**Q** 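The structure follows.
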Amino acid sequence: WKQTVGAPIAGTTTYTKTFNMKDLRKAETYHLYLDGFKGGVGAEMQVYLNGHLLGSRTNGYVSFIYEMTPYIDKEQDNVLKLVATGKNKELGRDIYLVTAPKTHLSKWGIEYQYQPDSDGNGRLLISSSTTWIHDEGYSLSAELSDDMEGKHVVATSEEIPLAVDADSIHQLHIPLSEAKVWNLSRPNLYLLTVMLHKGGKVV
């Protein structure tokens, strides 16, 4: 990143990076993920790509993500610019390029809660969001594993088909008859995996 400090009275610092499409791996969508920035609640950061404002953030303690796809120039160099306002003159956090298919699981898009039933087993209710479903053949499923590597599956949900242009919130249920509760003497832990399928394959 190239850093430019503005006039002291303005209190801004600009970071720029130039890249070309040949520098990126091929993908359907491109996203810029920032792991926050220095300055905290009182700071602000605006993110531009080729002069287009991707978004503005006023809390540096929280990570955020913006899609760059519509504004990327495929033929010429692209200029990414971050304008930070506040006392701190350093980014101080990691920045990532995230690639994804056009239809994908949304970041921060999965929530879950335990629902007890009369026999004491209960089930896991999972709410998952996806980006807009652009064509047919997508489905969603989830599974619970007890080895934290996903190799030994304890329970699975049904696989639900996703309609084209459907609402992005979907709900799955995993029965917990085989799962063990957590306590101090036996801290049982489970890995929850949510999967987006297309044509029978996990995408």
Side-chain angles (χ1 to χ4, degrees), residues 24-37 55 57 59-69 91-203:
L24 309 180
R25 60 178 176 265
K26 188 176 181 181
E28 291 182 331
T29 65
Y30 297 87
H31 310 259
L32 186 71
Y33 174 74
L34 294 94
D35 209 10
F37 56 92
R57 193 74 182 188
N59 186 348
Y61 292 126
V62 180
S63 55
F64 53 99
I65 188 169
Y66 297 126
E67 184 173 353
M68 302 190 298
T69 316
L91 286 173
R93 301 291 187 272
D94 292 326
I95 301 174
Y96 303 92
L97 171 71
V98 179
T99 60
K102 184 179 291 187
T103 299
H104 56 271
L105 293 173
S106 302
K107 192 164 186 64
W108 306 296
I110 298 174
E111 299 178 356
Y112 59 92
Q113 67 181 63
Y114 170 68
Q115 293 184 326
D117 58 19
S118 57
D119 61 11
N121 291 322
R123 63 181 184 173
L124 205 62
L125 171 64
I126 304 153
S127 297
S128 179
S129 62
T130 60
T131 59
W132 205 252
I133 308 298
H134 296 273
D135 51 19
E136 297 179 350
Y138 284 97
S139 60
L140 200 68
S141 70
E143 62 185 27
L144 210 61
S145 308
D146 65 358
D147 63 355
M148 303 311 292
E149 294 181 359
K151 296 180 180 180
H152 183 238
V153 177
V154 174
T156 61
S157 74
E158 73 279 19
E159 185 174 331
I160 60 172
L162 304 182
V164 175
D165 296 342
D167 186 279
S168 62
I169 304 297
H170 320 284
Q171 290 193 332
L172 299 164
H173 298 92
I174 292 183
L176 298 177
S177 57
E178 301 298 324
K180 300 179 178 63
V181 298
W182 185 98
N183 56 51
L184 289 175
S185 59
R186 296 182 178 179
N188 298 296
L189 297 176
Y190 293 89
L191 176 69
L192 172 63
T193 304
V194 179
M195 294 163 287
L196 182 65
H197 306 260
K198 175 66 183 297
K201 296 182 179 180
V202 176
V203 295

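Since we're looking at a predicted model, the values are computed, not measured.
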**Q** Looking only at atom types and distance, does a side-chain atom of Ser128 sit under 3.5 Å from a main-chain N or O of His170, one as donor and one as acceptor?
**A**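 No.
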
**Q** What I want to find out is whether Asp135 reaches Lys198 closely enough, with some N-O distance under 4.0 Å, to be called a salt bridge.
**A**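 Between Lys198 and Asp135 there is a salt bridge, with a charged N closer than 4.0 Å to a carboxylate O.
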
**Q** Can you name the closest pair of heavy atoms from Ala142 and Leu172 and give their distance?
**A**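 Closest heavy-atom pair between Ala142 and Leu172: CB-CD1, 3.8 Å.
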
**Q** To the nearest 0.5 Å, tell me how far Glu111 CD sits from Leu125 CG.
**A**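 Between atom CD of Glu111 and atom CG of Leu125 there are 10.0 Å.
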
**Q** If you take all heavy atoms of Gln171 and Ser127, which pair is closest and at what distance?
**A** NE2-OG, 3.5 Å

**Q** Inspect the surroundings of CD in Glu28 and state if more than 12 heavy atoms from other residues, nucleotides or ligands are less than 6.0 Å away.
**A**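 Check passes, neighbour count above 12.
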
**Q** Check whether any side-chain heavy atom of Trp182 sits under 4.5 Å from a side-chain heavy atom of Tyr190, and report yes or no.
**A**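 SC-SC contact between Trp182 and Tyr190 ruled out.
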
**Q** Does Lys26 offer a backbone N or O that forms a donor-acceptor pair with the side chain of Thr99 under 3.5 Å?
**A**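 No, Thr99 side chain to Lys26 backbone: no donor-acceptor pair under 3.5 Å.
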
**Q** Do Tyr112 and Ile174 have side-chain heavy atoms sitting under 4.5 Å apart?
**A** no

**Q** Gly150 and Leu191: which non-hydrogen atoms are nearest, and at how many Å?
**A**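 What the structure gives for the nearest pair is N-CD2, 3.6 Å.
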
**Q** Say you draw a straight line from CD1 of Ile133 to CG of Leu196; how long is it, rounded to the nearest 0.5 Å?
**A** 6.5 Å

**Q** Please report the closest heavy-atom contact between Val164 and His134, naming both atoms and the distance.
**A** CG1-O, 4.1 Å

**Q** Just wondering, do Lys102 and Trp132 contact through their side chains at under 4.5 Å, heavy atoms?
**A** no

**Q** Please confirm whether the backbone N or O of Asp35 pairs with a side-chain atom of Asp94, one donor and one acceptor, at under 3.5 Å?
**A** no

**Q** Show, in sequence, the C-alpha distance, side-chain angles and deciding distance for Leu176 and Leu144, and conclude whether the side chain to side chain contact (heavy atoms under 4.5 Å, CB included) test is met.
**A** CA-CA 9 Å; Leu176 298 177; Leu144 210 61; 3.7 Å; yes

**Q** Would you sort out whether Ser157 and Ile126 count as a side chain to side chain contact (heavy atoms under 4.5 Å, CB included), showing the intermediate values?
**A** CA-CA 10 Å; Ser157 74; Ile126 304 153; 5.6 Å; no

**Q** Distance check, rounded to the nearest 0.5 Å: Leu140 atom CG versus Leu162 atom CG?
**A**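 It comes to 5.5 Å.
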
**Q** Nearest 0.5 angstrom please: Tyr30 OH to Leu24 CG, how far?
**A**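 Rounded to the nearest 0.5 Å, the OH-CG separation comes out at 5.5 Å.
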
**Q** Side chain of Thr29, backbone of Ala100: donor and acceptor closer than 3.5 Å?
**A** yes

**Q** Within a 6.0 Å radius of atom OH on Tyr61, are there more than 12 heavy atoms belonging to other residues, nucleotides or ligands?
**A** no

**Q** Heavy-atom distance under 4.5 Å between the side chains of Phe64 and Asn59, does that happen here?
**A** no

**Q** Return yes if some donor-acceptor pair links the side-chain N/O of Asn188 with the main-chain N/O of Val181 below 3.5 Å, else return no.
**A** yes

**Q** Taking atom types as modelled, is there a side-chain donor on Asn183 or Ser185 under 3.5 Å from an acceptor on the other?
**A** yes

**Q** What's the verdict on side chain to side chain contact (heavy atoms under 4.5 Å, CB included) for His31 and Lys107, showing C-alpha distance, side-chain angles and the deciding distance?
**A** CA-CA 11 Å; His31 310 259; Lys107 192 164 186 64; over 6 Å; no

**Q** For the pair Arg186 and Lys180, evaluate side chain to side chain contact (heavy atoms under 4.5 Å, CB included) and give the outcome as yes or no after the intermediate values.
**A** CA-CA 9 Å; Arg186 296 182 178 179; Lys180 300 179 178 63; over 6 Å; no

**Q** Can you tell me how far the OH atom of Tyr66 sits from the CZ atom of Arg57, to the nearest 0.5 Å?
**A** 6.0 Å

**Q** Measure the spacing between CD of Glu158 and CD1 of Ile160 and express it to the nearest 0.5 Å.
**A** 6.5 Å

